[in-house]
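Take a look at the structure below.
Hydrogens, waters and symmetry mates play no part in the numbers below; they use all other heavy atoms, side chains included. Since this is a predicted model, take the numbers as computed values, not measurements.
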Amino acid sequence: MSNNTYSKLIEPSIKDARKRRKEEIKFSIFDINPKYLNFGVGKKYHLKTYGCQGNLSDSEKMAGILEALGFIATDIETEADFVLFNTCAIRENAEERVFGELGRFQKFLKQKPDMIIGICGCMPQEEKTVRRLKKSFPYVKVVFGTHNISSLPEYVYDAFNGQKVVEVLSIEGNIVENIPVKRDHLAKAWVDIMYGCDEFCTYCIVPYTRGKERSRKPESIIEEVEALAKAGYIEVTLLGQNVNAYGKDFTDREYGFANLLEDLNKTSIKRIRYTTSHPRDLDLATIKAMALGGNIMPNLHLPVQSGNNEVLKRMNRKYTKEEYMEKINLLKEYVPGISITTDIIVAFPGETEEQFQDTVELVKEVEFEGAFTFIYSPREGTPAANYENLLTEEQKHDRLNRLNDVVNAHSLKGQMRFENQVVEVLVEGPSKNNPELLCGYSEHNKLVNFTPKTAKVGDLVKVKIIKAYSWHLLGEEL
């Protein structure tokens with residue numbers, strides 16, 4: 001059969017992806033058609049993941065599906081019969097890196113012409129990406145987006161039978177439960193609690209690529225967390241593009257994110273974290289739920305993006321600096337010692353030096369213990385992509401460097417408060433820079449490298465901190 005024959009050809013539409021209707025979310029249970037069972041026996045797959053925790057979680061599901069079909073994972077690229085790129089569309093340089101990798105894999109096809117290459121995730125949800133794939137990368141046989149992971153068995157089957165698949169659904173999205181998962185970690189697990197985003201920040205492509213906000217049923221989440229605890233997992237991270245909006249789409253109950261935290265606080269899992277939070281939707285009920293302590297860890301990543309109200313308005317963030325600071329102060333009041341980190345964009349179109357300095361002052365006021373800082377990257381299809389930006393590249397990088405100097409100083413200050421303290425560390429494995437040390441993360445999500453005694457991967461151990469550095473703590477097991 002011709003390699004140019006499509007079994008599916010549905011391309012993305014930004015116009016359709018913008019729509020938000022008041023329709024109930026459809027829930028379904030994942031099931032593999034018997035036609036595809038054992039199809040992957042004798043075949044190997046290689047899965048490359050880019051982007052956020054949501055992408056990592058999606059990759060674990062796709063790995064679970066492929067192994068349910070009989071495929072076996074391989075880290076050796078040239079051994080793979082099926083290579084799948086799970087991609088991110090947040091920044092342009094991340095997209096270019098993926099296209100570079102696709103080009104590199106073309107040479108492998110000369111050695112192994114039967115290799116099937118696919119791309120999925122957020123990048124294919126963009127119209128320009130699919131156009132470029134069809135024009136410059138015709139050897140990519142499988143293209144799908146974020147809404148139809150459960151259709152992977154069909155796509156792989158068609159591709160191995162000589163057909164091409166492009167099926168990118170520009171829909172608001174539904175929820176499929178019970179997708180098999182191959183987890184990457186022995187003690188830590190991602191748990192999706194909701195999908196999509198309705199915030200429509202002017203710089204962000206996520207509402208278009210991930211669809212509308214839709215929440216899993218709380219009983220399904222609680223059941224998954226309890227099952228993970230019984231299987232020996234120590235920590236779960238609750239995932240959503242905006243976890244604070246969890247439950248707002250429910251029509252059959254009054255149940256929000258604070259309620260979910262309260263219920264999970266009663267489960268047997270030892271550690272709970274969550275990401276990502278939107279300041280507008282972080283309410284007092286959620287802050288009080290964090291104050292319950294126990295298995296709810298005392299750290300929060302709360303993206304601020306800018307410390308200037310005019311810039312926040314142009315970003316469509318729907319809060320002011322003053323409202324953000326009010327919530328920061330409540331967090332520090334109800335959860336003493338909490339570690340707070342953030343995201344910040346510099347050089348947003350129209351940002352003046354004075355407005356940039358407002359962001360620097362906010363960082364000093366909050367004393368963030370870490371921040372992901374970025375130069376604004378325009379994304380096609382978003383409103384901000386049409387905003388005029390008069391800053392030079394030199395000015396943009398200068399602002400980023402000056403901001404990072406302040407962030408790094410407060411990061412070190414936040415680390416130093418743990419010197420001579422005892423923290424509890426979930427052991428991840430050997431330290432990257434010294435194999436004689438083990439590493440892991442504390443309750444406050446601090447990376448700890450330590451001299452072990454009896455600790456092994458997956459253990460929770462007490463560690464005395466003897467030295468603080470900007471990005472890690474050094475200690476010894478008690």
Side-chain angles (χ1 to χ4, degrees), residues 52-53 188 235 237-239 243-244 271-279 282 286-287 289-291 293 295-307 319 321 323-346 356-374 399-426 428 431-432 439-450 462-475:
C52 68
Q53 296 96 331
K188 296 167 65 173
E235 178 178 305
T237 299
L238 311 178
L239 294 183
V243 290
N244 300 125
R271 284 186 168 190
I272 297 170
R273 305 189 192 276
Y274 63 90
T275 195
T276 293
S277 291
H278 193 291
L282 177 64
T286 297
I287 294 172
M290 289 194 70
N295 57 8
I296 301 174
M297 295 294 98
N299 76 282
L300 180 62
H301 188 74
L302 192 64
V304 65
Q305 306 302 3
S306 174
Y319 56 82
K321 171 195 172 181
E323 289 167 339
Y324 184 89
M325 284 306 308
E326 181 182 355
K327 295 183 181 187
I328 290 293
N329 292 331
L330 285 169
L331 281 164
K332 291 182 176 181
E333 175 187 347
Y334 279 91
V335 190
I338 187 172
S339 173
I340 301 173
T341 56
T342 196
D343 293 341
I344 299 172
I345 297 172
V346 301
F356 167 71
Q357 286 300 329
D358 286 344
T359 298
V360 173
E361 291 306 310
L362 176 73
V363 171
K364 293 177 181 178
E365 187 175 356
V366 177
E367 297 189 316
F368 293 112
E369 296 188 2
F372 294 109
T373 58
F374 311 96
R399 287 186 186 178
L400 181 67
N401 292 336
R402 284 187 283 150
L403 176 64
N404 284 341
D405 287 342
V406 178
V407 168
N408 294 346
H410 286 291
S411 175
L412 178 59
K413 181 179 178 180
Q415 300 284 86
M416 289 181 66
R417 67 189 174 109
F418 292 101
E419 282 191 347
N420 299 315
Q421 302 295 311
V422 175
V423 300
E424 189 173 59
V425 176
L426 175 55
E428 299 255 330
S431 170
K432 289 183 178 180
C439 72
Y441 286 86
S442 71
E443 303 99 314
H444 292 81
N445 210 29
K446 304 294 185 181
L447 175 62
V448 180
N449 294 299
F450 66 95
K462 297 293 185 181
V463 174
K464 175 73 175 292
I465 302 303
I466 57 177
K467 179 68 175 175
Y469 298 89
S470 293
W471 308 116
H472 75 278
L473 302 172
L474 182 64

What pair of heavy atoms forms the shortest contact from [X] to [Y], and how long is it?
X: Asn299; Y: Met290; value: O-CE, 3.8 Å
X: Trp471; Y: Asn408; value: CZ2-OD1, 2.9 Å
X: Lys327; Y: Ile287; value: O-CD1, 4.1 Å
X: Thr359; Y: Ser306; value: OG1-OG, 3.5 Å
X: Ser470; Y: Gln415; value: O-CG, 3.6 Å
X: Tyr319; Y: Pro303; value: OH-O, 3.5 Å

Going through the checks in order, is the side chain to side chain contact (heavy atoms under 4.5 Å, CB included) test met by Phe450 and Leu473? CA-CA 8 Å; Phe450 66 95; Leu473 302 172; over 6 Å; no
With a 4.5 Å cut-off on side-chain heavy atoms, are [Y] and [X] touching?
X: Thr342; Y: Val363; value: no
X: Thr275; Y: Gln53; value: yes
X: Ile296; Y: Val335; value: no
X: Lys462; Y: Val425; value: no

Please report the interatomic distance [atom1]([X]) to [atom2]([Y]), rounded to the nearest 0.5 Å.
X: Asn449; Y: Leu474; atom1: CG; atom2: CG; result: 7.0 Å
X: Asp343; Y: Phe368; atom1: CG; atom2: CZ; result: 9.5 Å
X: Ile340; Y: Lys332; atom1: CD1; atom2: NZ; result: 5.5 Å
X: Thr341; Y: Leu300; atom1: OG1; atom2: CG; result: 7.0 Å

Atom CZ of Phe418: over 12 foreign heavy atoms under 6.0 Å: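 Yes - once you tally the heavy atoms of other residues, nucleotides and ligands closer than 6.0 Å, there are more than 12.
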Please name the residue in the list Arg273, Arg271, Glu235 that meets the side chain to side chain contact (heavy atoms under 4.5 Å, CB included) test with Lys188.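 When side chain to side chain contact (heavy atoms under 4.5 Å, CB included) is applied between Lys188 and each of Arg273, Arg271, Glu235, only Glu235 qualifies.
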Give a yes or no on whether a salt bridge exists between Arg417 and Glu367, defined as a side-chain N under 4.0 angstrom from a carboxylate O.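 The answer is no: the pair does not qualify as a salt bridge.
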Short side-chain donor-acceptor distance under 3.5 Å, Thr373 and Asn404: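 A donor-acceptor contact under 3.5 Å links the two side chains.
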Would you check, one step at a time, whether the test side chain to side chain contact (heavy atoms under 4.5 Å, CB included) holds for Arg399 with Leu403? CA-CA 6 Å; Arg399 287 186 186 178; Leu403 176 64; over 6 Å; no
